[in-house]
Amino acid sequence: MKILVVGKGGREHALVRALGEAPGAPELFCFPGSDAILRMAKPVEADGLEGLISWMVENGVDLCVAGEESYLVKGEGLANLCKKAGIPCWGPPRESAQLEASKAFAKAFLERHGIPTGKAVTVGHADEARAAIDGVYPVVLKFDGLAAGKGVAVCQKAEEAEAFLDEVLVQRRFGPGDLLVEECLTGPEVSIFAAVVDDRYLVFTPARDYKRLGDGDEGPNTGGMGAVASRQLVSAELMQVIDESIIAPTIAGLAKDGLPYRGFLYFGLMLTPDGPKVIEYNCRFGDPECQAVMPLVHGDLASFCLAGAKGEFAPELLKFDEGWSVCVVLASAGYPETSRSGDVIQGIDAAGRVDHAGTRLNASGEWETHGGRVLAVVAGAAGRAEAVAKAHAAADRISFDGMQRRRDIGLLHFEAS
Ligand code: AMP
Ligand code: GLY
């Protein structure tokens, strides 16, 4: 089986690794990939999305797996083009991927299908935003488009809201687009992943992402500084509530709205005092949650995704570990505002399972930083405390100039357990 994974980050590193572990040893390709991914997968000689599709047809690719969201909504859309070319694609078409690409679309979908979520209004100008905020803080402001995890601000006071309004609606940091002014919800967050095949779905191991840069959830939001995954994160009773009030109505809503879906669907939830509510949908696996979840997935992920992409639901191909998996992200100097490339990384080989997110090989054959999030160090164990200790000890073996890392991944938000 020939599988092509689209993307280049830590999530794709973990996906390529997991797909490659499938029985039958599939032949793996990655586009655009990274130096590290291309040690496990072969490179693809293609330019742009159309070129990629032609390459897949010419090379007899059996399955295209969408890792990164941007390709799903680029041009005609990765899955749409795959469909035209007759290539099974694990990832939804452009129209369904609006659930992630447009927060206003997602909010309207949630409201239309009666799925619990924070109240919100969509505005186009700073004055409308001020009127919608109406002096009530904290408030959440969300740019209505893809912004690599940086388009959301939880504002405690007016100055923070003003700074974000200026950045997004005046300076247009993320380009054109509206803004959602959303009710601020409180409670622990949990990321739920469903592998959706039309009207059926399999829920993967839940995870918790640590989005803030600093220990104690201080500092700016990032793409994610670490993650913890375990079935024990969510009790069976709570999972039933999530399934009945959120996952099942979402899958039914997609069908009602005529939105086809085959691929991973990520539910970003907040466990509020009034029950679980959706804060976002993503039309792909989480990053860095994927790096934490994949070691817990056993069986034949490659055949599961191939069957799913063809409309066959085959949950019997997968099983999930009961244990805990912890992923610690190491980020470069300046992240998340900027990132620094070219810092030589020491100790990767001594750290066990490491997924590369932003690295490259320099002329001397050493790994160096090449992006904001650089590495994800992953370790697992039967219990949380042991998995946490192992992951942090492994991360301690790696160093580079300007390295930023959290020390409380897997500890914060578990004080009571
Ligand atoms: P999003 O990109 O929508 O997941 O937002 C990024 C982060 O902002 C989330 O993981 C939450 O920590 C926070 N956030 C988003 N929406 C809300 C909300 N309505 N209330 C409180 N925090 C939120
Ligand atoms: N970890 C958050 C995300 O993948 O969007």
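Numbering of ligands and ligand atoms starts at 1, following listing order. Not measured: the values here are computed from a predicted model.
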For ligand 2, find out whether one of its N or O atoms is nearer than 3.5 Å to an N or O atom of Glu289. yes
Given Glu189, Glu280, Lys142, Glu182, which one has a non-hydrogen atom that is nearest to atom 9 (C) of ligand 1? Glu189
Which atoms from ligand 2 have a heavy atom of Asn282 less than 4.0 Å away? 5 (O)
Show which atoms of ligand 2 fall inside a sub-4.0 Å distance from at least one heavy-atom site of Gly286. 4 (O)
Please say whether more than 12 non-hydrogen atoms of neighbouring residues, nucleotides or ligands are located less than 6.0 Å from NZ in Lys2. yes
Heavy atom of Gly268 under 4.0 Å from ligand 1? no
Does atom NZ (Lys8) have a neighbourhood of more than 12 heavy atoms from anything else shown, all under 6.0 Å? no
Nearest option to atom 3 (C) of ligand 2, as decided by whichever heavy atom of Glu280, Arg284, Lys211, Gln291 sits closest: Arg284
What about the rings of Trp367 and Phe400, do their centers lie closer together than 6.0 Å? no
For ligand 1, is any non-hydrogen atom under 4.0 Å from Ile279's backbone (N, CA, C, O), its side chain (CB onward), both, or neither? both
Determine whether the side chain, the backbone, both or neither of Met270 has a heavy atom under 4.0 Å from any heavy atom of ligand 1. side chain
Would you say ligand 1 has an N or O under 3.5 Å from any N or O of Leu185? yes
Verify side-chain hydrogen bond (donor to acceptor under 3.5 Å, both in side chains) between Asp243 and Tyr201, making sure each step is shown before the conclusion. CA-CA 11 Å; Asp243 194 9; Tyr201 57 92; 2.5 Å; yes
Taking the ring centre of each residue, are Phe31 and Trp55 less than 6.0 Å apart? no
Atoms in ligand 2 flagged as close to Gly223, the criterion being non-hydrogen separation under 4.0 Å: 1 (N), 2 (C)
Ring centre gap for Phe193 and Tyr266 strictly below 6.0 Å: yes
Does any N or O of ligand 2 fall below 3.5 Å from an N or O anywhere on Arg11, backbone included? no
Within 45° cone and under 6.0 Å: Arg208 NZ/CZ vs Phe414 ring: yes
Using distance alone, with no hydrogens and no angle criterion, decide if Asp35 and His356 have a side-chain donor and acceptor under 3.5 Å apart. no
